[in-house]
Protein chains: 2
Amino acid sequence: MPSTPTTPLANGEKSGRRGQILIAAAELFAQHGFHGVGIDDIGAAVGISGPALYRHFRSKDAMLGEMLTSISEYLLAGGESHAEHDGGPDEVLAALVRFHVDFALTHPALITVQERSFANLADTDRRQVRALQRRYVEVWVRAIRAAVPGLDQAHARSAAHAVFGLINSTPHSRHLPDDELAPLLQRLALGALRAAR
Amino acid sequence: MPSTPTTPLANGEKSGRRGQILIAAAELFAQHGFHGVGIDDIGAAVGISGPALYRHFRSKDAMLGEMLTSISEYLLAGGESHAEHDGGPDEVLAALVRFHVDFALTHPALITVQERSFANLADTDRRQVRALQRRYVEVWVRAIRAAVPGLDQAHARSAAHAVFGLINSTPHSRHLPDDELAPLLQRLALGALRAAR
DNA sequence: CGGATGTGTTAGCGAGCGCTAACACATCCG
DNA sequence: CGGATGTGTTAGCGCTCGCTAACACATCCG
């Protein structure tokens with residue numbers, strides 16, 4: 001059975017070498033930036049040497065493309081699944097916050113890459129990732145407007161992006177154990193949205 | 001008179017060519033990442049050609065170093081100045097938020113570079129920038145703990161970083177005019193901090 | 001005047017990049 | 001067995017990069 005993704009990279013047919021390579025590459029891209037990482041660095045990180053990567057990916061750009069697409073699909077699928085669940089608007093919003101916080105804490109490198117390497121995508125990949133991201137934002141916008149009355153679309157969208165920034169800042173600052181940081185971030189995010197107006 | 005900085009780059013002796021180059025380079029670094037920008041690109045952006053930059057900076061690394069140091073010094077000076085002003089804890093915190101929001105909206109490229117290119121700094125520059133950033137964070141930590149009782153240092157520090165992420169996310173999403181976005185961000189940031197505990 | 005100083009140019013270096021070519025070998029299966 | 005397939009290797013290509021060298025010229029000033 002194909003199953004819905006449980007982990008953003010290394011799923012289904014991406015399991016094995018391909019997934020392993022994407023995970024290692026994401027870590028490196030997050031640390032040094034896309035252009036700061038060489039093909040040989042990525043190979044070395046998975047125990048093979050540079051050019052062997054081309055048995056699995058068409059190009060370095062293709063790695064980034066598949067990486068960001070995969071992340072965006074995972075976020076969208078998770079967001080939609082939580083948004084569909086019944087429960088009041090407050091519960092839905094809290095579930096979205098919890099989902100995103102959990103993702104940021106579990107996959108800090110992926111959050112970093114998603115944030116920073118968008119501009120390095122090839123045109124086609126960039127369009128696809130942007131479309132997926134927009135749909136994810138729209139899930140949030142609907143949830144925010146349902147839970148916080150009196151916000152127009154533009155304000156809700158800005159608030160959504162701001163909360164992403166709040167949650168995604170995690171990788172750069174982890175002075176707390178996850179089991180204290182996660183609830184703090186959830187309080188901060190929901191507190192921010194409650195104050196949106 | 002030397003005066004305190006009114007603009008993060010292009011101050012005092014940095015006025016003229018040096019400041020102009022740093023501003024142009026910051027814009028390019030923000031768009032493409034440090035390694036994604038060539039010496040010739042920076043030169044072209046100020047109307048001279050590549051190698052002429054070495055009349056003003058020792059290296060490309062030195063440009064980034066001076067850029068981030070300058071930004072960090074500006075933030076720290078502004079933060080300390082607002083923290084010293086009298087007024088209740090709430091007023092001080094609100095002033096810090098307003099100051100940081102204003103900086104993020106006025107200099108989106110600088111915020112982006114400060115966030116993303118820290119890892120590209122040479123060792124010496126990185127140490128200095130880190131020290132300045134820590135002091136800026138400490139200004140916030142004190143203000144947060146004064147205004148939001150019951151937070152220990154670690155939680156306050158995490159909250160400060162989260163609010164930076166919230167405010168700094170602005171460059172990536174501006175669907176509102178500044179005069180609506182700024183108050184929204186201030187409400188979100190203060191709302192988050194109020195909910196920290 | 002004439003040297004010093006500051007700021008620009010073009011040519012070109014050495015190094016590192018992404019990627020391809022050519023080959024090696026292990027596994028699988030008709 | 002023996003070809004097909006998949007996955008690894010090393011050598012090396014063409015290109016771009018940061019940076020230096022060598023030179024040009026304008027301004028300033030003793």
Side-chain angles (χ1 to χ4, degrees), chain A residues 9-10 12-68 113 116-117 119-126, chain B residues 9-10 12-68 113 116-117 119-126:
Chain A
L9 307 176
E13 51 118 5
K14 275 203 278 291
S15 295
R17 263 288 190 253
R18 282 178 70 84
Q20 183 192 8
I21 291 169
L22 285 181
I23 291 172
E27 208 74 46
L28 291 170
F29 290 165
Q31 282 176 41
H32 309 288
F34 180 69
H35 290 298
V37 177
I39 238 38
D40 291 347
D41 300 325
I42 303 173
V46 297
I48 64 183
S49 245
L53 295 171
Y54 290 84
R55 299 293 173 194
H56 306 279
F57 296 92
R58 278 182 35 263
S59 68
K60 191 187 168 194
D61 287 320
M63 288 184 215
L64 183 66
E66 187 164 328
M67 189 183 302
L68 293 206
V113 172
R116 298 187 184 174
S117 296
N120 301 121
L121 283 171
D123 289 10
T124 307
D125 292 327
R126 184 166 48 244
Chain B
L9 308 176
E13 49 116 6
K14 276 203 276 292
S15 294
R17 262 287 189 255
R18 281 177 70 84
Q20 183 192 7
I21 291 168
L22 286 180
I23 290 172
E27 208 74 47
L28 291 169
F29 290 166
Q31 281 176 41
H32 307 106
F34 180 70
H35 290 299
V37 177
I39 237 43
D40 290 347
D41 300 326
I42 302 173
V46 297
I48 64 182
S49 243
L53 295 170
Y54 290 85
R55 299 293 172 195
H56 306 278
F57 296 93
R58 277 182 37 263
S59 66
K60 192 188 168 195
D61 287 321
M63 288 184 215
L64 184 65
E66 187 165 328
M67 188 183 301
L68 294 204
V113 171
R116 299 189 183 171
S117 296
N120 301 120
L121 283 170
D123 290 9
T124 307
D125 292 327
R126 185 165 48 244

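Lettering of chains follows the sequences in order, A, B, ..., and the numbering in each one begins at 1.
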DNA chain D: first to last nucleotide in contact with chain A (atom under 4.0 angstrom from a heavy atom), 5' to 3', is D:dT7 to D:dA11
Quick one: list whatever passes side chain to side chain contact (heavy atoms under 4.5 Å, CB included) with A:A122, sequence neighbours left out.
A:D125
Please give me the minimum heavy-atom distance between B:L68 and B:V113, naming the atom from each residue.
CD2-CG1, 3.5 Å
Looking at DNA chain D, which of residues 33-57 of chain A put a heavy atom within less than 4.0 Å of it?
A:I48, A:S49, A:P51, A:A52, A:R55, A:H56
Sub-4.5 Å side-chain heavy-atom contact between B:I48 and B:R17:
yes
About how many Å separate CG of B:L22 and CD of B:E27, when rounded to the nearest 0.5 Å?
12.5 Å
What is the minimum heavy-atom distance between A:R126 and A:A119, and which atoms define it?
NH1-O, 3.7 Å
Side chains of B:M63 and B:I39 in contact at under 4.5 Å (non-hydrogen atoms):
yes
Does a side-chain heavy-atom distance below 4.5 Å link A:D40 with A:S49?
no
Encoded 5' to 3' (Watson-Crick or G-U under 3.5 Å; [ ] crossing; | other strand), DNA chain D becomes ||||||||||||||||||||||||||||||
Mind checking whether A:N120 and A:F29 have side chains closer than 4.5 Å, heavy atoms only?
no
Return a table of donor-acceptor pairs under 3.5 angstrom between the side chains of residues 51-60 of chain A and protein atoms on other chains or two or more places apart.
| unit_1 | atom_1 | unit_2 | atom_2 | d |
| --- | --- | --- | --- | --- |
| A:S59 | OG | A:D61 | N | 3.4 |
| A:S59 | OG | A:A62 | N | 3.0 |
| A:K60 | NZ | A:F34 | O | 2.9 |
| A:K60 | NZ | A:V37 | O | 2.9 |

Dump the pairs, protein N or O against N or O of nucleotides 13-15 of chain C, anything under 3.5 Å, distances to one decimal.
none

